[in-house]
Amino acid sequence: MKIAVLVKQVPGSETALPILGNHNWIDEEQVSFVMNPPDNFAIEEALLIKERTGDGEVVIVSMGPARVQKVIREGLAKGADRGIHLEEDGQIQTDPLSIAKSISSILMDENFDLVLTGLQSDDTGMGQTGVLIGEMLGMSTGTLAMETDVQDSAIRVKRELESGWFQWVKLPLPASISIQSGLNTPRYPSLRGIMGAKKKEIKVVSPSDHQTDAISQSIDKVFVPQTSKQTEMIEGNADSAVTRIIEILKSELKVL
Amino acid sequence: MDILVVLEDNRGSLHRMSKEAIAGAQKMGGSISALAIGVNADAMAGELSGVDLTEVITINHDLVSSYNADGYSDVVSQVIKSESPQTIVIGHSYQTRDFMPRVSAKLDIPFIPDIISMDDGIVKQVLNAKLNALVTTSADQVILSFQSATFSEEAMVTGSCLARSIEVNLDSSIVRSEAEDPFQEDAGDVDLESAELIVSIGRGIEKEENISMAFDLAKVLGAEVSASRPVVDSGWVESFRQVGSSGQTVAPKLYFSLGISGAIQHVVGIKGSKNILAINKDPDAPIFEIADYAVVGDLLDIIPKLIEALQTEKDL
């Protein structure tokens with residue numbers, strides 16, 4: 001069983017987000033990066049499937065500048081076997097179609113049984129890459145898997161639907177599945193895993209070997225949300241906040 | 001046609017987000033047709049007979065009588081090829097996420113998802129809703145999905161339209177998946193959807209042992225307790241208390257959120273709240289953009305004091 005897990009490195013949630021002078025993205029030089037949190041669940045699910053089926057290979061795939069090797073190594077430290085780094089030399093790619101074409105061109109010859117992704121990225125949040133790649137590689141696709149069950153040449157996934165509904169779907173392999181957050185408990189890498197990760201292979205693919213020229217959509221500018229909502233900021237210490245809250249509940253909302 | 005609105009079947013009737021998508025398309029302007037697929041296609045078209053649309057195209061082929069990604073993406077692609085809409089519009093539901101990227105890849109048409117505004121260009125949220133982004137495309141055709149409640153179903157312009165059923169060619173080899181019937185898990189005995197007062201717990205509660213303070217607050221207020229996804233995933237509250245795109249949608253008089261950051265998937269579940277009071281340590285938390293009252297502070301410090309003060313008020 002050969003499993004590719006697509007991971008992304010994204011700005012951490014605690015980090016401030018300074019906007020570039022030309023406003024078309026944030027200044028990545030000034031931001032600290034982390035593994036895209038949903039991707040942790042995809043990595044864990046891949047490792048669990050490998051353990052359950054008894055054999056196989058888990059390959060961590062990521063696209064981005066040199067720094068993304070850090071998240072590939074994190075995946076390797078957790079137990080993945082090798083990595084593939086699609087190098088990007090410019091600013092962050094934001095067009096799902098071209099990203100998917102790049103990645104598909106590299107995954108194509110490897111004939112993966114499964115491609116797993118997190119539900120979406122915490123940076124652009126397009127939520128399409130896994131399904132686009134599935135279509136481009138002729139795989140069956142499923143999304144928001146809350147449980148997976150690999151059988152002979154098929155995978156059953158428990159799709160999460162809205163409002164507390166679910167649905168089991170059986171898909172023939174090869175399949176591209178997006179993994180919903182919370183379906184498993186991502187493991188921490190052991191010290192041995194971290195040391196071992198340094199020796200595992202990361203194949204680097206240069207931009208000219210994967211980049212497609214055509215961009216079908218782009219982010220022209222980013223800006224702080226302007227809201228017409230009137231928000232009252234309740235200031236002060238805990239005691240004064242409590243006093244104001246009681247007043248709001250009693251006199252303004254009349255819920256006491 | 002200018003705009004094709006792809007409709008979603010919500011257990012026999014038109015999904016709320018499909019009506020919102022129609023309202024959004026009408027606001028964009030131009031000639032608009034809708035597409036209904038599946039065993040309930042005629043019923044959905046019937047619901048739109050009094051709406052201002054050119055027509056509702058209905059398709060009911062055996063292989064797409066109920067939803068599957070292979071069949072739906074193939075059928076929608078066929079319709080786009082034969083009808084050549086400039087823009088394809090749909091609600092940003094889980095079903096849309098499941099099949100629309102397949103259409104995007106089949107036809108090489110960009111899909112711009114989860115849009116929150118069309119007033120001044122196409123705007124979606126990025127970086128966990130901390131920033132908004134203006135997205136542009138130079139492609140001839142584009143697929144747009146609208147976030148829940150970006151448009152309102154009440155804003156659908158009335159008029160009249162007829163249904164037109166069309167045949168599609170679908171080989172059984174196209175549909176590779178086998179789906180079982182959808183089901184609901186443990187529904188619990190709490191009715192969040194009609195609750196008037198809700199205290200909601202986010203990751204800011206920090207530890208399981210602090211959960212009880214939220215329940216104590218709810219008790220003294222006479223409120224129900226809900227939670228964001230991470231709290232449910234940690235096993236600290238039951239899953240039927242989850243609010244958000246995967247859980248319940250609520251519209252209380254007061255939504256009192258404790259340590260919830262305001263991630264998109266949570267906020268779509270609370271947009272209907274009449275009043276939102278949010279406590280969070282992070283002054284940049286996106287929840288403050290939609291809150292009526294914002295407290296930047298430590299809930300672990302504030303809540304015990306608030307409970308005590310509320311008890312005193314009650315005793316007066």
Side-chain angles (χ1 to χ4, degrees), chain A residues 11 13 17 19 26 95-97 100 122-128 131-132 134-136 140-144 159-172 181-182 216-225 227 229-234 238-239 241-242 245-246 248 250 253 255-256, chain B residues 69-70 93-94 97-98 101-102 104-106 108 110-114 125-128 130-137 139 176-180 182-185 187 197 229 233 240 245-249 253-254 275 277 288-297 301-302 305-306 309-310 313:
Chain A
S13 57
L17 302 169
I19 298 177
I26 53 169
D95 172 21
L97 275 171
D122 274 10
D123 53 13
T124 55
M126 298 293 191
Q128 305 168 35
V131 181
L132 292 172
E135 173 64 36
M136 290 172 186
S140 56
T141 58
T143 55
L144 298 173
R159 276 182 71 207
E160 188 175 85
L161 308 178
E162 283 101 341
S163 306
W165 286 77
F166 298 88
Q167 182 184 41
W168 279 98
V169 182
K170 186 170 165 185
L171 303 167
S181 298
S216 69
Q217 60 171 289
S218 60
I219 291 178
D220 266 19
K221 83 176 181 168
V222 293
F223 51 96
V224 176
T227 174
K229 184 102 193 185
Q230 299 278 50
T231 304
E232 178 190 322
M233 302 297 300
I234 296 165
D239 289 311
V242 166
I245 292 173
I246 302 267
I248 292 166
K250 192 157 117 171
L253 300 179
V255 295
L256 286 187
Chain B
D70 292 338
S93 67
Y94 284 2
R97 295 172 60 120
D98 198 58
R102 297 278 299 268
S104 170
K106 280 184 206 286
D108 209 23
F111 172 23
I112 304 176
D114 209 14
Q125 294 158 303
V126 292
L127 296 155
N128 266 324
K130 291 198 172 179
L131 294 178
N132 284 344
L134 181 67
V135 184
T136 57
T137 176
R176 299 163 292 182
S177 58
E178 286 165 39
E180 296 171 28
F183 60 95
Q184 246 179 330
E185 291 203 322
L197 300 174
R229 188 183 194 106
D233 283 348
F240 56 74
S245 56
S246 305
Q248 304 302 315
T249 299
K253 184 169 180 192
L254 171 64
N275 295 280
L277 199 176
F288 290 142
E289 278 150 43
I290 56 158
D292 297 276
Y293 306 98
V295 183
V296 180
D301 197 15
I302 295 171
K305 295 189 165 142
L306 180 59
L310 284 169
E313 271 294 317

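Per chain, numbering begins at 1; letters A, B, ... match sequence-line order.
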Could you check whether any side-chain heavy atom of [X] comes within less than 4.5 Å of a side-chain heavy atom of [Y], counting everything from C-beta outward?
X	Y	answer
Asp98(B)	Val131(A)	no
Arg176(B)	Leu171(A)	no
Ser93(B)	Glu162(A)	yes
Asp122(A)	Leu127(B)	no
Leu256(A)	Leu310(B)	yes

Please flag which part of [X] lies under 4.5 Å from any non-hydrogen atom of chain A: side chain, backbone, both or neither.
X	answer
Asn275(B)	side chain
Phe240(B)	neither
Thr249(B)	neither
Glu185(B)	both
Ile302(B)	both
Leu277(B)	side chain
Ala69(B)	side chain
Leu131(B)	both

- [ ] Could you please spell out the steps behind the side chain to side chain donor-acceptor pair (under 3.5 Å) verdict for Thr141(A) and Arg102(B)?
- [x] CA-CA 9 Å; Thr141(A) 58; Arg102(B) 297 278 299 268; 2.7 Å; yes
Over all heavy atoms of both residues, which pair between [X] and [Y] is shortest? Give the atoms and the distance, please.
X	Y	result
Arg159(A)	Tyr94(B)	NH2-O, 4.4 Å
Ser216(A)	Thr137(B)	O-OG1, 2.6 Å
Lys130(B)	Ser13(A)	NZ-O, 2.8 Å
Gln248(B)	Ser163(A)	NE2-O, 4.0 Å
Glu289(B)	Thr231(A)	O-OG1, 4.5 Å
Asp233(B)	Ser181(A)	OD2-O, 3.5 Å

Measure [X] against the heavy atoms of chain B and call it side chain, backbone, both or neither at under 4.5 Å.
X	value
Gln230(A)	backbone
Lys229(A)	side chain
Ile219(A)	both
Leu132(A)	both
Pro11(A)	side chain
Leu161(A)	both

Task: Among Val126(B), Val296(B), Asp292(B), residue most engaged with chain A (heavy-atom pairs, under 4.5 Å) - done: Asp292(B)
Open item on the list: Does atom NZ (Lys305(B)) have a neighbourhood of more than 12 heavy atoms from anything else shown, all under 6.0 Å?
Closed with: yes
Open item on the list: I'd like to know whether NZ of Lys106(B) has more than 12 heavy-atom contacts from other residues, nucleotides or ligands below 6.0 angstrom.
Closed with: yes
Task: With Glu180(B) via side chain to side chain contact (heavy atoms under 4.5 Å, CB included) - residues at least two apart - done: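 If we apply the side chain to side chain contact (heavy atoms under 4.5 Å, CB included) test to Glu180(B), skipping adjacent residues, the hits are Arg156(A), Trp168(A).
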- [ ] Kindly write out the residues that satisfy side chain to side chain donor-acceptor pair (under 3.5 Å) with Asp239(A), not counting sequence neighbours, or none if the list is empty.
- [x]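 With neighbours one apart ignored, the set is empty.
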Open item on the list: Treating Lys253(B) as the side-chain partner and Leu253(A) as the backbone partner, does any N or O pair qualify as donor plus acceptor under 3.5 Å?
Closed with: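 Pair found, side chain donor or acceptor close to backbone of Leu253(A).
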Task: Separation between CD of Gln217(A) and OG of Ser104(B), rounded to the nearest 0.5 Å - done: 8.0 Å
Task: For chain B, the option from Gly182(A), Gly164(A), Ser218(A), Gly125(A) that forms the most heavy-atom pairs under 4.5 Å - done: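 Among Gly182(A), Gly164(A), Ser218(A), Gly125(A), the one with the most close pairs to chain B is Ser218(A).
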Task: Contact leader toward chain B among Pro225(A), Ala241(A), Pro96(A), where contacts are heavy-atom pairs under 4.5 Å - done: Pro225(A)
